[in-house]
Amino acid sequence: MSNPVSDEARVIPLRPAPARPQAPQAEPAPREPLWRDLVGEVLRRERREQERTLKDVADAARISLPYLSEIERGRKEASSEVLAAAAHALGLSLGDLLARAHGELSRRTAGHHRTAAPRPRSYRGLCLAA
């Protein structure tokens, strides 16, 4: 037996069907900046305020110039030793560098904190051990 072929023509639309209106979605929360970006910005800002070149600071910190540049641009996650060397080359302690980066983080995320989950209540019962 042979298969009967349908006499109906296939319709191929020339234009896509109009999009259905979608319900407006809430704006996503802004992304928190990465720590390496903040630290790099602080290093760069401090270096520029001191009117020093990348080469000068890299030489004083004993870091390669390209690597220091990548740290300043937030491209590399520097070790604490490298960050301390860069900070000391700028006359800062590692604590000063991290405090300034923390201040920048706080400033940028001031209105965007998520509410923390409620803290569990402390247990005020009596525990007996034998």
Do Asp59 and Lys55 touch side chain to side chain, with heavy atoms closer than 4.5 Å?
yes
State, yes or no, whether a side-chain contact exists between Pro33 and Thr109 at a heavy-atom distance under 4.5 Å.
yes
For [X], side chain to side chain donor-acceptor pair (under 3.5 Å) partners two or more places apart:
X	result
Arg107	Glu104
Lys76	none
Arg73	Ser69
Glu41	Arg108

Taking all non-hydrogen atoms of both residues, which atom of Ala101 and which atom of Val39 are closest, and how far apart?
CB-CG2, 4.0 Å
Give the minimum heavy-atom separation between Tyr67 and Ala78, together with the two atoms involved.
OH-CA, 3.7 Å
Could you tell me the separation between the [atom1] atom of [X] and the [atom2] atom of [Y], rounded to the nearest 0.5 Å?
X	Y	atom1	atom2	result
Leu65	Thr53	CG	OG1	7.5 Å
Leu90	Glu49	CG	CD	10.5 Å
Asp37	Arg75	CG	CZ	8.5 Å

Determine whether more than 12 heavy atoms belonging to other residues, nucleotides or ligands lie under 6.0 Å from atom CD of Glu51.
no
Donor-acceptor pairs under 3.5 Å, side chain of residues 80-89 to any protein atom, not counting sequence neighbours: which ones?
unit_1: Glu81; atom_1: OE1; unit_2: Ser79; atom_2: OG; d: 3.3
unit_1: His88; atom_1: ND1; unit_2: Ala84; atom_2: O; d: 3.3

Is the backbone N or O of Arg52 less than 3.5 Å from a side-chain atom of Arg47, with the two atoms forming a donor-acceptor pair by type?
yes
Strictly by salt bridge (Lys or Arg N to Asp or Glu O under 4.0 Å), give each pair with a member in residues 88-99 just once, sequence neighbours left out.
none
Go through the steps for His102 and Leu98 under the test side chain to side chain contact (heavy atoms under 4.5 Å, CB included), then give the verdict.
CA-CA 6 Å; His102 174 263; Leu98 300 181; over 6 Å; no
Out of curiosity, does Leu34 fall in the hydrophobic cluster containing Val42 (side-chain heavy atoms, cut-off under 4.5 Å, transitive links)?
no
Does the pair Arg44/Glu72 count as a salt bridge with the N-to-O cut at 4.0 Å?
yes
